[in-house]
Protein chains: 4
Amino acid sequence: MKKKDMNKQAKIQDAVAAIILAEGPAGVSTTKVAKRVGIAQSNVYLYFKNKQALIDSVYARETSRILSTTDIARLSDATIDLPTRIRLYVQQVYDYSLAHPDSLTIMQQIKALNGQPMTVLPGVADPNNIVVKLLTAAVDAQVIKPLPVSLHMGVVFSTIHTHTTNISQGRYSATQYSFDDIFQLIWDAMKRD
Amino acid sequence: MKKKDMNKQAKIQDAVAAIILAEGPAGVSTTKVAKRVGIAQSNVYLYFKNKQALIDSVYARETSRILSTTDIARLSDATIDLPTRIRLYVQQVYDYSLAHPDSLTIMQQIKALNGQPMTVLPGVADPNNIVVKLLTAAVDAQVIKPLPVSLHMGVVFSTIHTHTTNISQGRYSATQYSFDDIFQLIWDAMKRD
Amino acid sequence: MKKKDMNKQAKIQDAVAAIILAEGPAGVSTTKVAKRVGIAQSNVYLYFKNKQALIDSVYARETSRILSTTDIARLSDATIDLPTRIRLYVQQVYDYSLAHPDSLTIMQQIKALNGQPMTVLPGVADPNNIVVKLLTAAVDAQVIKPLPVSLHMGVVFSTIHTHTTNISQGRYSATQYSFDDIFQLIWDAMKRD
Amino acid sequence: MKKKDMNKQAKIQDAVAAIILAEGPAGVSTTKVAKRVGIAQSNVYLYFKNKQALIDSVYARETSRILSTTDIARLSDATIDLPTRIRLYVQQVYDYSLAHPDSLTIMQQIKALNGQPMTVLPGVADPNNIVVKLLTAAVDAQVIKPLPVSLHMGVVFSTIHTHTTNISQGRYSATQYSFDDIFQLIWDAMKRD
DNA sequence: TATGAATGAGTGTTCATTCAT
DNA sequence: AATGAATGAACACTCATTCAT
């Protein structure tokens, strides 16, 4: 029964993610989580201080998954020209989203649970955010349109998320559109002139 | 304080909308709604069969607000050329969103409550949807990119929603960017070649 | 079944008092209270905002019972000399305590629940308290010993409470000692010279 | 920080006492106790069979502290006359209570936790109790009033406990009233004629 | 139309206690 | 001697919903 002895903490987080995907973030309850994992409800509190900490940890896990999967360093490599780096960024989000089709959905849902919605990638508020820096530089260099960075990121996020959601819900196959097809739309939106 | 003649039904819906904006969709309870309206809790059930019906009605109200505010008819007016009609559509969403900055947020939050997220405008699944028809025609006429309509609509929705949210949260003033600035990004994204 | 249709609020308070007497204040739980009254647990919250409010109300009820039973007015009647008024005060506490043998116990237990113990009558901290005023005047008039009022009140409370508890627990009969016997001890303790 | 060699058992009891003083007896939980001591929760059960045993042990510890601190033997020394022995008894309780201002409070709180309140010193029910014997003898010898011993002890306990609590809560300084001041009140209460 | 009383199921959380290691 | 993991029962409290008035 016990498959890989994957540690409980992760199992609980998995259960939360699964419930979020199945019923939306409001459906997450310690009872349901525990039942899904096959432990006593009170057991959840051995691993997480409270429900909020649990949900936050799920969010953080997705975030760190992105960071560890993608090659953030190259996005700030000044020896690469800006359009290439932006393409790199989009490609990374694209690849990640295809590989983990639910990840962005989970993060979006968690954000929605608490208060205002999240239209763009996490960390947008963080001025140190590498992506924000990249896009700001691109705006300054007149490479992309002189619009708020959040709009640019919104296009990237919205397009890729919609696309991968379409695929994972079987609305069309993954091969029907290439990355270049998707990137064309995004880049046309962003680029100046 | 508010209009005297506004019927209770609407007052209740207003309360729901206010709570959604203030605390997120999970914060909506008949108790809180009733307290906000100043009626007995059980009274809510005089106007709505149950909580789900209430929330659905709030969603529907926003939808119909869009429809009644915007001039849908012209979008299917075959005597107007496709690019113009698309621009018209974007402009209508834009105007509406600026006039009712919370409307799209509310709809998005309600969608998030139940299950899967909503990346695009309501009714996208409806094949009869006028906007879908318009964009499908535009794809066929090779006016916009041969990509799923949901991607096109996603760009429209994401960009405008992010923009108006930015404004209503004071991140910049409404005059800082014109409709044309915003539309340029959207249209560049959509248009073929 | 429904005996006197005594209102629920009071029934709930009665249940709390009974539990306090039977199991101590830590034994009070909404579950037990509800069960004793024969209502649903959630029902308790129709009548009391939360558990603390419920317990406070029980305390307040006992307090007001004292105030309504005893003739506070005469204690501040300046036309009566101080020793007589003090005797009156002791008599009133005595009579009350005999008539409601659990009342002082309940109040003491509730005080103990929260934090520091209560050795004396409620309201001792209140400088306007009539009894405090009376005893302070008696100290000033050199009628009773120049000691803190709380010590004087402690003797009154402790002696009477112990006495009536003894009686209600059958350690001796109510007739075995007269009020004068008890008062003698108290008055000897208090009086100057 | 504390004495290094103090054994765990005592540390745990200290934690219980500290919690009782800080939050009242209802605030004692094995979780909090363990956290305060810096051990695992389950560890508490290595030293005490269960929670009740732990709390009882704290009570017993205070009791034995009194007994070991005070000179019980002299209270039953028939060569000393009764009034002197009573004064000795009161002095011992007084000294102890001043030296350990929380001790009586802790004992009182623990008694309150379980059931009936404690108005007097522990062991009053025990017919062998030395103090009871002393006071009974004093009643028989017509040295003190012919009232229940519990009333006499109640005055002693109440007065001293109130007094030392007043001091430790800063209501007045320890030097403001001498032992003789306090004893006068107690002795006047007790003594015959 | 409106209300207040009622309730059962559910929420998150804490607890005392046990047990394998 | 010590721990961490585990658990079932309890807790205070909220909820959606019903019903008699």
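Just so it is clear: chains get the letters A, B, ... in the order the sequence lines come, proteins before strands, and each one is counted from 1.
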Shortest non-hydrogen contact between A:Ile12 and A:Val44, atoms and distance: CD1-CA, 4.4 Å

Please report the distance, rounded to the nearest Å, between CD in B:Gln9 and P in E:dT1. 10 Å

What is the distance from CG of A:Asn43 to P of F:dT7, rounded to the nearest Å? 5 Å

Is there side-chain contact between D:Leu104 and D:Gln108, with at least one heavy-atom pair below 4.5 Å? no

Does D:Leu54 reach the side chain of D:Asn50, with side-chain heavy atoms less than 4.5 Å apart? no

Thinking salt bridges, do C:Arg61 and C:Asp14 make one under a 4.0 Å N-O criterion? yes

In whole angstrom, what separates A:Phe48's CZ from F:dG4's P? 18 Å

Residue set satisfying salt bridge (charged side-chain N to carboxylate O under 4.0 Å, His left out) with B:Lys32, at least two apart, ordered chain then number -> B:Glu23

Residues in side chain to side chain donor-acceptor pair (under 3.5 Å) contact with D:Glu62, at least two apart in sequence or another chain: D:Arg65, D:Ser103

Dot-bracket for DNA chain F: what is it, with Watson-Crick or G-U pairs under 3.5 Å, [ ] where a pair crosses earlier ones, and | for a pair to another strand? .||||||||||||||||||||

d(CG, D:Leu54; C1', E:dC15) in whole Å: 14 Å

Under 4.5 Å between any side-chain heavy atoms of B:Met107 and B:Ile66, yes or no? yes

With sequence neighbours excluded, what pairs up with B:Leu46 under the side-chain contact (heavy atoms from CB on, under 4.5 Å) test? B:Asn43

Mind listing the N/O atom pairs, protein and nucleotides 15-17 of chain F, below 3.5 Å?
from, atom 1, to, atom 2, distance (Å)
F:dA16, OP1, B:Lys51, NZ, 2.8
F:dA16, OP2, B:Thr30, N, 2.7
F:dA16, OP2, B:Thr30, OG1, 2.9
F:dA16, N7, B:Gln41, OE1, 3.1
F:dT17, OP2, B:Tyr45, OH, 2.8
F:dT17, OP2, B:Lys51, N, 2.8
F:dT17, O5', B:Tyr45, OH, 3.4

Sorted by chain and number, sequence neighbours left out, salt bridge (charged side-chain N to carboxylate O under 4.0 Å, His left out) with A:Arg36 holds for none

Would you kindly give the CG-to-C1' distance between D:Asn7 and F:dA2, to the nearest whole Å? 16 Å

Taken to the nearest whole Å, CD/A:Glu23 to C1'/E:dG10 is 14 Å

Looking only at the side chain of B:Leu46 (C-beta and beyond, no hydrogens), which of the listed nucleotides F:dT7, E:dG4, E:dA2 gets closest? E:dA2

Rounded to whole angstroms, how far apart are CD1 on D:Ile39 and C1' on F:dG4? 13 Å

Write down the distance between NZ (A:Lys35) and C1' (E:dA9), rounded to a whole number of angstrom. 12 Å

